[in-house]
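Working notes, structure below.
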Amino acid sequence: MPHPTTNQITVDDSKVHGDWRDELFQNGYVVVKNAISPARCEYYIDKMFQWLESFPFGFDRNNRSTWTEQHLPTHIKGGMYHGYRVQHEKFIWEARTEEGVIEAFAKLWGTDKLLVSFDGINFTLPSGTTLPQTQPWPHIDQSPLREGMQCVQGILNFAPNGPQEGGLLVMKGSTKLMPEFFKTHSGTIGRPTWGPSDWFGFDESEVKWFEERGCEIHKVTAEAGDLILWDSRTMHFNCVPSSQNLRAIVYACYTPASFATPDILQQKGEFFDQRIGTTHWPHDNLFTETSHSNLPEEEEGDVTKRLYEEPIETDLVLKLAGKFSY
């Protein structure tokens, strides 16, 4: 059964726009240049350092001997943070309300009445040694049971991100082949048919299926202040840096508020009040993410429940959070 949606907006990805949207629709991803100013990028990196220093683990940005696992909050895949209610830190909400970022998503969807995801960050520090590469997990984040483009994910990039800095890899051109893939692979022995989830991972033979049809894995690069966008129907995954450079990003996805049902809006507003993080999706899949701690269980309560700085609940923030209607 198709996923329910109140979607009143459709994006014609066959239309030529003469701007970055054409690249997104053709390749499944795009880098929108200069969405955030250099000064604001420096501000967000400074706030990320402050956030790490706010924990009782002894991290000090000026003391490289503390740039180690035991001095950092719990994270995964290099520096991906989804615990500690980081999704609702003041600086994260400031980043989500950057004018250039909202303008890009408004241009994409044809409306500025948007919701935003309660997603996390990646702040990967130079470790002095080469980080071990994680096993690739190529996947998509939108079910083929949904019709059309329903979710476009975003990375707000604050530091230069070159070929060796880790980050997003996409299967260029895979988006348009997804309907054929699921049609021809439905019921394949050893693989389940598509269920209700919006996440699907691909094995090596399935990745090869796309490569045999002209798709190729591409490491996306970006400068500080760029906004990386990719269609959730595009196969993608992440890699950790092989260089000794900083990686600093906020994950943020925006979709039209009209995509959300009244029940989802109510739940989303409640999660905002409780400062609970969810998934890449702004208007659905509100699975929660609240903890992850490297403190002993008897000590972890305060550090996992507190925010370093509470967000300022402006009118725009409350609309993006689903608390206020447009």
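In what follows, every heavy atom counts, from backbone to side chain, and hydrogens, waters and symmetry copies are set aside.
Side chains of Glu165 and Asn245: a donor on one and an acceptor on the other come within 3.5 Å. There is no side-chain donor-acceptor pair under 3.5 Å between Asp263 and Thr261. If you check the side chains of Glu94 and Tyr44, you find no donor sitting under 3.5 Å from an acceptor. The closest side-chain donor-acceptor pair between His75 and Asn122, if any, does not fall under 3.5 angstrom.
Checking side-chain atoms of Arg21 against main-chain N and O of Asp13 turns up no donor-acceptor pair under 3.5 Å. Looking at Lys219, its side chain does come within 3.5 Å of a backbone N or O of Gly162 through a donor-acceptor pair. Using modelled atom types, no side-chain atom of Tyr308 and backbone atom of Leu52 make a donor-acceptor pair closer than 3.5 Å. When atom types are taken as modelled, the side chain of Asn285 and the backbone of Trp281 share no donor-acceptor pair closer than 3.5 angstrom. Between the side chain of Asn63 and the backbone N or O of Asp60, no donor-acceptor pair lies under 3.5 Å. Of the possible donor and acceptor atoms, none in the side chain of Arg247 sits under 3.5 Å from a partner among the backbone N and O of Pro160. In this structure, Gln26 contributes its side chain and Glu23 its backbone to no donor-acceptor pair below 3.5 Å. Remark: side-chain polar atoms of Thr111 are not paired, donor with acceptor, to backbone N or O of Pro256 under 3.5 angstrom. A distance-only check finds no donor-acceptor pair linking the side chain of Lys268 to the backbone of Leu286 [under 3.5 Å]. A donor-acceptor contact shorter than 3.5 Å is absent between the side chain of Thr234 and the backbone of Trp230.
Between Gln142 and Ile140 there is no side-chain heavy-atom pair separated by less than 4.5 Å. Contact check for Met235 versus Thr175: no side-chain heavy atoms found under the 4.5 Å cut-off. Inter-residue side-chain proximity for Arg96 and Val101 is flagged as unmet; no heavy-atom pair is nearer than 4.5 Å. Taking 4.5 Å as the limit, some side-chain heavy atom of Val11 sits within range of a side-chain heavy atom of Phe25. With contacts defined as side-chain heavy-atom distances shorter than 4.5 Å, the pair Leu168/Ile228 qualifies. The shortest side-chain heavy-atom distance between Ile92 and Lys47 does not fall under the 4.5 Å cut-off. Considering only heavy atoms from C-beta on, Ile217 stays 4.5 Å or farther from Val170 through its side chain.
Two different hydrophobic clusters hold Leu265 and Tyr254 under the rule that ILVMFWY side chains link at heavy-atom gaps under 4.5 Å.
Nearest heavy atoms, Gln150 versus Thr255: O-CG2, 3.5 Å. Residues Asp226 and Lys33 approach most closely at OD2-NZ, 2.6 Å, considering heavy atoms. What you find for Cys41 and Ala224 is that their closest heavy atoms are SG-C, 3.9 Å. Closest non-hydrogen pair, Ala95 versus Phe158, comes out as CB-CZ, 4.2 Å. Between Met48 and Ala248, the shortest heavy-atom contact is SD-CB, 3.9 Å. Looking at every heavy atom in both residues, Phe123 comes nearest to Ile45 through CZ-O, 4.1 Å.
By the salt bridge (charged side-chain N to carboxylate O under 4.0 Å, His left out) test, Asp46 pairs with Arg61, sequence neighbours left out. Remark: Lys323 pairs with Asp273 by the salt bridge (charged side-chain N to carboxylate O under 4.0 Å, His left out) rule, at least two apart or across chains.
Using a cutoff of 4.0 Å between basic side-chain nitrogens and carboxylate oxygens, Glu313 and Arg275 are scored as salt-bridged. Salt-bridge check for Glu98 with Arg40: passed, with a basic side-chain N closer than 4.0 Å to an acidic carboxylate O. Taking 4.0 Å as the cut-off between side-chain N and carboxylate O, Lys208 and Asp203 do not count as a salt-bridged pair. A salt bridge does not link Arg233 with Asp141: none of the charged nitrogens is closer than 4.0 Å to a carboxylate oxygen. Between Asp22 and Lys15 there is no salt bridge, since no side-chain N of the basic residue sits under 4.0 Å from a carboxylate O of the acidic one.
Remark: Glu204 CD is loosely packed, at most 12 non-hydrogen atoms of other residues, nucleotides or ligands lying under 6.0 Å away.
A distance of 11.5 Å separates CD1 in Ile312 from CG in Leu318, rounded to the nearest 0.5 Å. Atoms CG and OG1, on Leu320 and Thr97 in that order, are 7.5 Å from each other to the nearest 0.5 Å. Taking CD from Glu211 and CD from Glu206, the interatomic distance works out to 12.5 Å, rounded to the nearest 0.5 Å. Rounding to the nearest 0.5 Å places OG of Ser205 at 6.5 Å from NE2 of His185. A distance of 9.0 Å separates CD in Glu42 from OG in Ser37, rounded to the nearest 0.5 Å. The NE2 atom of His139 lies 13.0 Å from the CE atom of Met171; values are rounded to the nearest 0.5 Å.
Relative ring orientation between Tyr251 and His82 is described as parallel, the plane-to-plane angle staying below 30° on a 0-90° scale split at 30° and 60°. Using cut-offs of 30° and 60° on the angle between ring planes, the pair Trp209 and Phe181 is perpendicular. In this pair, Tyr84 and Phe55 present their aromatic rings perpendicular. The plane angle is above 60°, beyond the 30 to 60° band. Between Phe200 and Phe202, the angle of the ring planes goes over 60°, which puts this pair in the perpendicular group of the 30/60° scheme.
Aromatic rings of Tyr29 and His218 (six-membered ring for Trp) have centroids within the 6.0 Å cut-off, being under it. Within the 6.0 Å centre-distance limit, the rings of Phe272 and Trp93 are counted as a close aromatic pair. In summary, the aromatic rings of Phe259 and His283 are positioned with their centroids under 6.0 Å apart.
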Using residues 113-120 as the side-chain source, report each donor-acceptor pair under 3.5 Å to any protein atom, sequence neighbours left out, with the distance given to one decimal.
residue : atom : partner : partner atom : Å
Ser117  : OG   : Cys253  : N            : 3.0
Asp119  : OD2  : His280  : ND1          : 2.6

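Phe210 does not carry Arg213 over the face of its six-membered ring by the limits of under 6.0 Å from the centre and within 45° of the normal.
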